[in-house]
Number of protein chains: 2
Amino acid sequence: MNARRKFRREGEERRRQDLIDATLDSVAEHGLEGATVRIIALRAGVTAGLIRHYFPGKEDLLQEAYAALMGRMTEQAKAALLMEDASPRQRLAAFVTANLNAPIIDQRVFSLWATFIGRAGADPTLARAHREGYLGFRNEVEAVVAEVLAAERRKPDASELRHHAIAINAIIDGLWIEGCLAGEMFEPGELAAIGIKAIEAELGLAPE
Amino acid sequence: MNARRKFRREGEERRRQDLIDATLDSVAEHGLEGATVRIIALRAGVTAGLIRHYFPGKEDLLQEAYAALMGRMTEQAKAALLMEDASPRQRLAAFVTANLNAPIIDQRVFSLWATFIGRAGADPTLARAHREGYLGFRNEVEAVVAEVLAAERRKPDASELRHHAIAINAIIDGLWIEGCLAGEMFEPGELAAIGIKAIEAELGLAPE
DNA sequence: AGGCTATTTATACACTTGCACAACAACGCC
DNA sequence: GGCGTTGTTGTGCAAGTGTATAAATAGCCT
């Protein structure tokens with residue numbers, strides 16, 4: 001009786017990833033408050049003490065989990081911009097489509113984003129992490145917009161470009177939220193179509 | 001020594017309001033996890049035990065605080081739509097302007113919104129509360145849009161109207177987020193101007 | 001096969017949490 | 001002014017928190 005639990009030794013990188021994933025799952029399901037070390041460890045299939053073997057403290061685990069979440073989100077979105085041999089306009093459309101469909105449109109991802117970002121007001125570290133991510137995202141948008149307009153032989157000045165980028169960023173973000181929170185109210189692809197049309201209107205492009 | 005603390009008996013409604021306000025302050029400052037009954041009570045200038053005299057439990061206090069927050073936000077926004085003797089287009093612009101300036105654009109309000117909405121995935125009660133608020137908001141938008149287009153002698157069908165409302169809603173939400181999270185990056189009134197221009201483009205209105 | 005070592009478990013600890021409850025005192029009423 | 005009601009305080013408690021640390025064992029090296 002009282003036999004000690006069997007266990008396997010996983011590689012360090014694997015264990016850290018598992019713990020981070022378990023953290024994200026726990027936060028999504030129970031919120032930051034409910035994501036205790038014991039819950040997280042249970043989900044990862046280990047005991048609570050192990051967390052401290054890989055992370056200096058719970059706070060560090062949360063930080064890394066947030067970074068991982070943002071990394072995955074922006075990575076998937078930016079990939080759409082890298083398409084070779086496609087017109088700027090097609091790349092912009094692909095970017096929007098990528099952002100307004102699964103897996104970016106996802107209630108769990110949104111819950112996580114909201115939970116973490118809610119602390120940006122109190123946690124300067126988090127606030128700066130977001131700021132940088134946001135500016136990076138907006139700069140990507142601005143770059144494609146510049147290409148799109150150049151292909152139409154238009155020469156917007158810097159201020160005009162910035163305004164377009166802000167507006168387009170807002171359109172994508174806003175539709176993303178709507179899709180995440182009320183996904184079943186939209187047909188598949190509907191949000192992307194609305195987004196592309198709205199952006200073309202913003203840029204004054206004739207429908208294709 | 002060890003004298004018992006002096007206190008005053010406030011009216012029931014007043015105390016409940018104070019506790020709700022203290023809850024919102026605490027959540028905004030420390031997050032849901034850090035908003036303990038003791039912190040909340042301290043902020044309200046009472047001792048922790050009193051909370052249970054006015055609310056069945058902490059969970060109920062949080063629910064009421066969220067409801068109060070949403071009520072204040074939508075109330076202020078909708079007020080802009082009620083302007084008498086103004087053209088539909090002016091009312092739409094006023095609505096956008098109201099939503100994209102203080103006090104709606106506010107980091108604290110955003111933090112609260114994000115913190116609470118992050119639990120919508122796990123908490124069905126919260127999810128439904130949001131859904132209703134969102135649909136109400138979008139219906140308001142759709143109604144004004146219909147008026148604006150009617151004034152231009154255009155007859156959009158239901159699907160077109162819905163798409164416009166979704167896009168405009170996204171523009172407002174997206175700009176709201178940008179403003180709340182990076183307010184100092186924008187000139188006063190700049191977001192509202194961007195929003196109005198984007199919406200006019202979406203609706204195909206000629207600039208005034 | 002047998003030991004070494006780092007990974008993992010298990011237990012303990014100090015502290016915080018939400019909540020229960022009894023004592024107390026502010027205020028209205030007579 | 002005294003009294004009763006009840007809003008309010010203070011204390012206590014069991015459950016749960018993050019963290020520290022010792023004991024155990026899985027897997028590699030020779």
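- Spacing between atom CG of A:L61 and atom P of D:dT19 amounts to 10 Å, rounded to whole angstrom units.
- In terms of position on DNA chain C, the residue among B:V37 and A:G45 whose nearest nucleotide sits closer to the 5' end is A:G45.
- Among the protein residues, A:T47 comes within range of the nucleic acid bases, having at least one heavy atom under 4.0 Å from a base atom.
- A:F55 carries A:R16 over the face of its six-membered ring, with the cationic atom under 6.0 Å from the centre and within 45° of the normal.
- Distance, B:Y54 OH to D:dT6 P: 12 Å, rounded to whole Å.
- Taking a cutoff of 4.0 Å between a charged side-chain nitrogen and a carboxylate oxygen, A:E184 and B:R131 qualify as a salt bridge.
- Residues B:R8 and B:G34 both approach DNA chain C. Their nearest nucleotides, taken by heavy-atom distance, put B:G34 toward the 5′ side.
- The CG atom of B:L42 sits 12 Å away from the P atom of D:dT9 (whole-angstrom rounding).
- What separates CD1 of B:I40 from P of C:dT17 is a distance of 11 Å, to the nearest Å.
- Summarising the geometry, the separation between CZ on B:F7 and C1' on D:dT9 is reported as 7 Å, rounded to the nearest angstrom.
- Remark: P of C:dT11 and CG of A:L50 are 16 Å apart, rounded to the nearest angstrom.
- Side chain of A:E190 to main chain of A:E187: a donor-acceptor pair is present (N/O by atom type, distance under 3.5 Å, no hydrogens or angles).
- The distance between atom CZ of A:R38 and atom C1' of C:dT9, rounded to the nearest whole Å, is 13 Å.
- Shown here is A:R128, whose CZ atom has no more than 12 heavy atoms of other residues, nucleotides or ligands within 6.0 Å.
- The residue A:R15 sits close only to the backbone: its heavy atoms come under 4.0 Å of sugar-phosphate atoms, none of a base.
- Residue contacts shown for B:E12 are absent, as no nucleic acid heavy atom lies under 4.0 Å away.
- Atom pair B:H53:NE2 and C:dA22:C1' shows a separation of 14 Å (rounding to whole Å applied).
- Closest contact between the side chain of B:R52 and the listed nucleotides D:dT9, D:dT6, C:dC19 involves C:dC19.
- Within the 4.0 angstrom heavy-atom criterion, no nucleotide atom of any strand lies near B:F55.
- If you check distances only, the side chain of B:R5 never reaches the base of D:dT9 with a donor-acceptor pair under 3.5 Å.
- The environment of NZ in B:K58 is crowded: more than 12 heavy-atom neighbours from other residues, nucleotides or ligands sit within 6.0 Å.
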